[in-house]
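To start, the structure itself, in structure tokens.
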Amino acid sequence: MSVQERIRKLDSQGVSGREIARQVGLSRSTVAKYLKIDDYSPKPPSATSRTGSVIHGFESIIIAWLDEDRNAPRKQRHTAQRIFDRLTEEQGYEGTYSPVQRFVKKYRADQQSASDGFLELQWPPGTVQVDFGQADALIAGHRLTLHMLVVTFPFSNMRFVRAYRGETSECVCHGLRSIFDEVGGAPTLMIFDNATGVGRRVRKKITETKLFEAFKNHYRSQSRFCNPESGHEKGNVENAVGFLRRNIMVPIPAATSVEQLNELLAVRAAKFASKPHWKKRESSQVLFAQDQEALLALPSVQFDPVQYEVRKANKYGHVQVAQNTYAAGPSFATRQVSVGLRHETIELLDEQGKMIRSFPRVFGYHPETISEPSVVLGALARKPGAWSNSPIRAQFADPLKDWIDTADTADRRQFFTALDEASQAAGFLTALDAAEQLVVDGADPSNPSLGMLARRISQGSQFESGIVDLEVYDRLFTVPEQQQPMVEGSPAA
């Protein structure tokens, strides 16, 4: 348990600042500084932010050596100095001794308390169990296999569920935050199966993600992980995963989005709150009042479940995130780009943390570069000759595509510039519709009328096709002979 986590845990138990300082061995001013922090949400890295620890990449090697020491005589086990020497000689480590010493010290301290209560099967109020299951759903007409985050309160047997496209740390933290907001508080203890979504296990050691550590500190909650192949340690949520899948996901539910599906699932799951507890005589809803009394108060600032990582864009302005490639734009070629990983989106930020673009997050492998049409339009306006192999060419209807194919370089440049401006004002698809209508009507899609028409379409105005009769303006200025004004000196005068 980190020092900050211990401080916030003691604070949640009502321990005074003076006593916390005495127990953790820090000054009262340092304790007060940590207690004043009300937002542990990750912040975008700045251009001057420090890089990762020099020990990064060597953790698993150190852990393996320390684990091997359990079968060695006490006087023949690794010291921090010996580990430092071996890393330098055998692994090419170029850092200093201090990071190695701190890592070994923290690892040994964590091992001393890692096994406390792992087999406890009595669940007091305010404790939750967390697990994932899978189920199919129809989202906007497409059948998807979604990951169902299930959270149960074993004391009352209350169940909550949220659907996500993946099991990442961002999905877990977003789902837990949503459920905490719904129940009006944070649990004192969260029980997880292995380290799904919030960390990784190396033998018996669990290493939590930085995002989940920040999440726990934010809500002052504690976590505990089941032993491998010990599902009985969280049997309540294990049963709930199957129960909810059979009872609220049959028949296969349909929704326009994952967000709408979650609203539907919340309503369906709530219907079981009035059912009696499987062992106790009272309903889950009545027992849940005791769970709520044991919850920790929610912080004044809502946690932002996002992880930021720094990437260097390639010569095309593309950045690699997991298995997929996202386009920041040619203007960011070879520059440092910060990537904000959220449960449903990928955000790209510049060196100062300013948003560049935001994309729907793609889970699994996607062979093509994920980009916005606006990125391509800007590039085509500068290099119209690239049109023939453009990734957005397939989105253009044949009449408009034929017009662009036969246009000269100057007309193409003017058209893509006009289409880019219209897209920024009314959206790409609307601007594309406007351009196609102009071509079908025999008009030039590269003139300023493209932007005006796109805005009219976006506002719901019906476009009237046909050639405009300009003679109506001549008739407006033609006055009948009998109504001609008299001029001084004329015969009539």
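Side chains included, hydrogens not; waters and symmetry mates left out as well; all remaining heavy atoms used. Numbers for residues simply follow the sequence, beginning at 1.
- Nearest heavy-atom pair, Gln134 versus Thr145, reported as atom, atom and distance to 0.1 Å: OE1-CG2, 3.8 Å.
- A side-chain N or O of Gln302 and one of Asp181 form a donor-acceptor pair less than 3.5 Å apart.
- Under a 4.0 Å N-O distance rule, the pair Glu344/Arg342 does not qualify as a salt bridge.
- Atom CZ of Phe272 has more than 12 neighbouring heavy atoms from other residues, nucleotides or ligands inside a 6.0 Å radius.
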- Message: Run Glu208 and Arg200 through salt bridge (charged side-chain N to carboxylate O under 4.0 Å, His left out) and show every step you take.
- Response: CA-CA 7 Å; Glu208 295 178 348; Arg200 59 184 178 86; over 6 Å; no

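- Between Phe103 and Tyr107, the two ring planes are parallel [angle under 30°; tilted spans 30° to 60°].
- Note on Arg86 versus Glu89: no salt bridge recorded, every NZ/NE/NH1/NH2 to OD/OE distance being 4.0 Å or above.
- Figure legend: Lys280 and Phe155 shown as a cation-pi pair, the cationic atom lying under 6.0 angstrom from the six-membered ring centre and within 45 degrees of its axis.
- Atom CD of Glu90 has more than 12 neighbouring heavy atoms from other residues, nucleotides or ligands inside a 6.0 Å radius.
- When ring centroids are compared, Phe212 and Phe192 come within the 6.0 Å threshold.
- Taking OH from Tyr326 and CG from Leu348, the interatomic distance works out to 9.0 Å, rounded to the nearest 0.5 Å.
- Gln285 and Ser274 share no side-chain donor-acceptor pair at under 3.5 Å.
- Here the side chains of Pro305 and Arg177 are in contact, with some heavy-atom distance below 4.5 Å.
- Side-chain contact between Phe428 and Leu432 is present, with at least one heavy-atom pair separated by less than 4.5 Å.
- Here Tyr93 pairs with Phe58 under the ring-ring contact (aromatic ring centres under 6.0 Å, His included) rule; sequence neighbours left out.
- In this structure, Arg8 is not positioned above the aromatic face of Tyr34 in the sense of NZ or CZ being under 6.0 Å from the six-membered ring centre and within 45° of the axis.
- Across Asp136 and Pro253, no two heavy atoms sit closer than the pair O-CD, 3.9 Å.
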- Query: Is there a salt bridge (charged side-chain N to carboxylate O under 4.0 Å, His left out) between Asp67 and Lys205 once you walk through the steps?
  - Reply: CA-CA 9 Å; Asp67 285 347; Lys205 171 67 176 177; over 6 Å; no

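- Side-chain atoms of Ser371 and Thr369 form no donor-acceptor pair, as typed in the model, at a separation below 3.5 Å.
- Under the 3.5 Å distance criterion, with hydrogens and angles disregarded, no donor-acceptor pair is assigned to the side chains of Gln81 and Thr79.
- Ring geometry for His147 versus Phe132: interplanar angle over 60°, hence perpendicular rather than tilted (30 to 60°).
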- Task: Go through the steps for Glu19 and Arg22 under the test salt bridge (charged side-chain N to carboxylate O under 4.0 Å, His left out), then give the verdict.
- Result: CA-CA 5 Å; Glu19 179 61 16; Arg22 187 189 68 78; 2.5 Å; yes

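- Under the 6.0 Å cut-off for aromatic ring centres, His343 and Tyr164 qualify, their centroids lying closer than that.
- Between Arg361 and Glu170, at least one side-chain N (NZ, or NE/NH1/NH2) sits under 4.0 Å from a carboxylate O, which counts as a salt bridge.
- Here the CG atom belonging to Asp69 is positioned 11.0 Å from the CZ atom belonging to Arg82, to the nearest 0.5 angstrom.
- You'll find the ring centres of Tyr40 and Phe303 outside the 6.0 Å limit.
- Using a 4.0 Å cut-off between charged side-chain N and carboxylate O, Arg162 and Glu182 make a salt bridge.
- Applying the 6.0 Å contact sphere to CZ of Arg18 captures no more than 12 heavy atoms from other residues, nucleotides or ligands.
- Expressed to the nearest 0.5 Å, how far NZ of Lys275 lies from CZ of Arg159 amounts to 10.5 Å.
- One distance of note links CD1 of Ile63 with CD of Glu68; it measures 12.5 Å at 0.5 Å rounding.
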- Task: Verify ring pair (Phe, Tyr, Trp, His ring centres under 6.0 Å) between Phe180 and Phe215, making sure each step is shown before the conclusion.
- Result: CA-CA 12 Å; Phe180 292 178; Phe215 180 86; 5.7 Å; yes

